[in-house]
2 protein chains.
Amino acid sequence: MPESRRHEAIADELRRAIFDGRYPVGATLPSETELAASHGASRGTVRQAVSALLAEGLIGSRQGARRVVLSTTPSQSFTELRSFAQWARSGGRAAGGLVLASAWSAAHADEAGLLQVRHGAPVLRVLRLRTLDGEPVLLERTVYAEWIGPAVEALPDDCESVTRRLHDDTGLVFVHGEHHIDAVAAGTADAAHLRLRRGSPLLRVRRTTATADGRPIETSDDRYRPGSVVFSVRNSTRTNPLVRTHA
Amino acid sequence: MPESRRHEAIADELRRAIFDGRYPVGATLPSETELAASHGASRGTVRQAVSALLAEGLIGSRQGARRVVLSTTPSQSFTELRSFAQWARSGGRAAGGLVLASAWSAAHADEAGLLQVRHGAPVLRVLRLRTLDGEPVLLERTVYAEWIGPAVEALPDDCESVTRRLHDDTGLVFVHGEHHIDAVAAGTADAAHLRLRRGSPLLRVRRTTATADGRPIETSDDRYRPGSVVFSVRNSTRTNPLVRTHA
DNA sequence: TAGTGGTCTAGACCACGCC
DNA sequence: GCGTGGTCTAGACCACTAT
């Protein structure tokens, strides 16, 4: 399926060339003028295309020199990152899910801030265990805002892809996210559900997701069994999304 | 100091307005036409400015609707992320460093791949303990490529900012980076240097840094004491730098 | 339907690198 | 010095949101 936006078509073509090995790491890309001529587009459109690859960390750019290939590893769409099931499928693995607990209660101060609701507002708390090829790898403690809670409650307990179902049922789209990553020792509940010893290292990701207009949907404390998952970021002086903060 | 590039000046002005609270979370920004008029710039220049804020995750954008403020938290420069000392200083804390071991040896297969040198090529291995206000928080196992090794060896053992010294001494600039984040249990050496029990959770960041033209400088295995540091990423469907991979 | 952001063009000048 | 990417302009048309 050909991409209708010309800058996306050019970006796709360059990505394919990089992933196929036609431009290995260290190789230089054609100049903007050459790309514009070969695609019958203006220089502005070509620049829009290469700036996408720049943001993905695939290429580096310096004034005066041709662009250089830095990496040949594809990056993921936001949806693949957001959805456990879609991420698992893209890796050829089977994702499972099971709701262990689900209940309405009052938002704590920190949750109220993250979800932009008033302190004590009703929120839906869900404890969910996620499996990969039958093995438990992730324990999710998710807090949903009041307006989306009923749709979440209507889902089956063993729903494989919550993201997918919520999109199909309500048209909801997850657009923005913020992730905070650190390490914690497994508590009693973590150890029991993930089948490891108390005190074992866990990778913790606290995340908050919002709609296109910035309305918060959910905030979650996700704990991964060590060895099952790695988070990666590519960055540079020009585009730096990763931040290190004091705990 | 006024910014000479007009798009950066406009971006700075908008950032200041957001950090100062003139545009709180959820507020809408002026339209492109309004910003162009008020800054005496063309629409293209304004778009370049707001796209920077978009990449930083500060604002969200949808066709047809005005841009919305998503976050009022500043993001860091790549240098602040890269340099432990500069990061510590920006948080008002005192950074210390101490070289525990330093030796040349042959590159392993994985290191050779990351540093783009041949298997068995000479590399400089450095074990460094980093402290924050005197407390040990980070153990770095860094492998330097042969061409930069001598400059690293010339540094004093208690060098506070390696990044700063290498830049001043050799003109070296760290431009690109790749970070892989997961959790591991502390080994014997980790436990001894970071003063915690064997098996305690540690946040591990494996990173590789390169110059502007993509030449790898160093690759490192950094282990942080839990509770001392958190890594954060903001992302969206349009800009997604964070990737989750199978271990 | 009016306003907004997304896409695209065709040109210009400048700063920087490489040879 | 020449080629390259970085900046900027002024205009056009389209897709989408809001009212």
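All figures in this text were calculated on a predicted structure; none of them were measured in a lab. Each chain gets a letter, A, B and so on, in the order the sequences are listed, and its residues count up from 1.
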Tell me the interatomic distance from [X], atom [atom1], to [N], atom [atom2], rounded to whole angstroms.
| X | N | atom1 | atom2 | value |
| --- | --- | --- | --- | --- |
| A:Q48 | D:dT7 | CD | P | 15 Å |
| B:R6 | D:dG6 | CZ | C1' | 15 Å |
| A:H39 | C:dT7 | NE2 | C1' | 17 Å |
| A:L35 | D:dG3 | CG | C1' | 15 Å |
| A:D213 | C:dT4 | CG | P | 18 Å |
| A:E32 | C:dT9 | CD | P | 14 Å |
| A:R66 | C:dC19 | CZ | C1' | 14 Å |

Nearest to the [X] side chain among [options], which nucleotide is it?
| X | options | answer |
| --- | --- | --- |
| B:A65 | C:dC18, D:dA18, D:dC8 | D:dA18 |
| B:H7 | D:dC8, C:dA15, C:dT9 | D:dC8 |
| B:R43 | D:dC16, D:dC13, D:dT7 | D:dC13 |
| B:Q63 | C:dC8, C:dT4, D:dA15 | D:dA15 |
| A:S61 | C:dT7, D:dG5, D:dT4 | D:dG5 |

Minimum heavy-atom separation for B:R118 and B:A107, please, with both atom names.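 Minimum heavy-atom contact is O-CB, 4.4 Å.
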Which atom names give the shortest non-hydrogen contact between A:N235 and B:E178, and what distance separates them?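 For A:N235 and B:E178, the tightest heavy-atom pair comes out as OD1-N, 4.4 Å.
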More 5' along DNA chain D: A:T33 or B:S42, using each one's nearest nucleotide?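 Between the two, 5'-proximity favours A:T33.
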Quick one: label B:R62 by what it contacts on the DNA or RNA (base, sugar-phosphate, nothing), any heavy atom closer than 4.0 Å. sugar-phosphate
Using a heavy-atom cut-off of under 4.0 Å over every strand shown, decide if A:R67 touches base, sugar-phosphate, or nothing. sugar-phosphate
N/O (side chain, B:T45) to phosphate O (OP1/OP2, D:dT9) under 4.0 Å: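 It does, given that an N or O in the side chain of B:T45 lies less than 4.0 Å from OP1 or OP2 of D:dT9.
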For the residue pair [X] and [Y], confirm or rule out a side-chain donor-acceptor distance under 3.5 Å.
| X | Y | value |
| --- | --- | --- |
| A:T45 | A:H7 | no |
| B:T163 | B:R82 | yes |
| B:W104 | B:E146 | no |

5' precedence on DNA chain C between B:R47 and A:G44 (nearest-nucleotide basis):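 Per heavy-atom nearest nucleotide, the more 5' residue is B:R47.
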